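Notes for the one structure printed next.
Because only heavy atoms are used, hydrogens play no part in the values below, and waters and symmetry mates are left out as well, while side chains stay in. Quantities reported herein were computed from a predicted structural model and do not represent experimental measurements.
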Amino acid sequence: QAQLVESGGELVQPGGSLRLSCVAPRNIFSIYIMGWYRQAPGKQRELVASITKTGRPNYDDSVKGRFTISRDNAKNTMYLQMNSLKPEDTAVYYCNAVNYGLAWGQGTQVTVSS
């Protein structure tokens, strides 16, 4: 059974917005830094945003000012609000605990195209 479940990805036009969700096991979510990763066609998986258990966020320069990471500890759920989307944001988005080694989930496809 999948331990990490991502959802919310879909086709969206450039400049549009999307909100991704990630549900993780409580014992992991409550302890480790959680992060959103993405893998675009022909590229390696990269960390785009992370958040500590107390809510401190960190962003890659490519998404800074456009994406907002947040978490709801009561629901073991992490979110990624994506605004001003660009075609280069097109990728499969994954969530995972940073520096823990949990198996990857299936991810959710985000496609930004006109």
Non-hydrogen side-chain atoms of Glu6 and Tyr93 separated by less than 4.5 Å: no
Are Ser62 and Arg38 close enough that some pair of their side-chain heavy atoms sits under 4.5 Å apart?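 Ser62 vs Arg38: side chains touch.
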Distance in Å, [X] [atom1] paired with [Y] [atom2], rounded so as to fall on 0.5 Å steps:
{"X": "Thr90", "Y": "Gln39", "atom1": "OG1", "atom2": "CD", "value": "13.5 Å"}
{"X": "Thr68", "Y": "Met82", "atom1": "OG1", "atom2": "CE", "value": "11.0 Å"}
{"X": "Ile51", "Y": "Asn58", "atom1": "CD1", "atom2": "CG", "value": "10.5 Å"}
{"X": "Glu46", "Y": "Asp60", "atom1": "CD", "atom2": "CG", "value": "6.0 Å"}
{"X": "Leu4", "Y": "Ile28", "atom1": "CG", "atom2": "CD1", "value": "6.5 Å"}
{"X": "Leu18", "Y": "Thr108", "atom1": "CG", "atom2": "OG1", "value": "8.0 Å"}

Ring-plane angle category for Tyr37 and Trp104, please: parallel below 30°, perpendicular beyond 60°, tilted otherwise. perpendicular
When the ring planes of Tyr100 and Tyr32 are compared, do they come out parallel, tilted or perpendicular, using 30° and 60° as the limits?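 The rings of Tyr100 and Tyr32 sit tilted, inter-plane angle from 30° to 60°.
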Minimum heavy-atom distance between Ser17 and Ser84, given as atom pair plus value: OG-N, 4.4 Å
Minimum heavy-atom distance Met34-Val98, with the two atoms named: C-CG2, 4.2 Å
Should we count [atom1] of [X] as having more than 12 external heavy atoms under 6.0 Å?
{"X": "Glu88", "atom1": "CD", "result": "yes"}
{"X": "Asn27", "atom1": "CG", "result": "yes"}
{"X": "Gln106", "atom1": "CD", "result": "no"}

Would [X] and [Y] show up in the same hydrophobic cluster when neighbours are defined by side-chain heavy atoms closer than 4.5 Å?
{"X": "Ile69", "Y": "Tyr94", "result": "no"}
{"X": "Val12", "Y": "Val48", "result": "yes"}
{"X": "Tyr59", "Y": "Leu47", "result": "no"}
{"X": "Tyr79", "Y": "Leu85", "result": "no"}
{"X": "Ile31", "Y": "Ile33", "result": "no"}

Does a donor on one side chain and an acceptor on the other come within less than 3.5 Å for Asn73 and Arg71? yes
Can Ser113 and Thr111 be counted as having a side-chain donor-acceptor contact under 3.5 angstrom? no
Answer yes or no: is there an ion pair linking Lys86 with Asp89, defined by an N-O contact shorter than 4.0 Å?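 Looking at Asp89 together with Lys86, the answer is no, because their closest N to O distance does not fall below 4.0 Å.
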When you measure from the side chain of Ser114 to the backbone of Gln13, do you find a donor-acceptor pair of N or O atoms at a distance under 3.5 Å?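 Not at all, since once roles are kept as given, no pair shorter than 3.5 Å links the two residues.
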Quick one: do Met78 and Trp36 satisfy side chain to side chain contact (heavy atoms under 4.5 Å, CB included)? Show the steps, please. CA-CA 9 Å; Met78 179 174 64; Trp36 280 102; 3.5 Å; yes
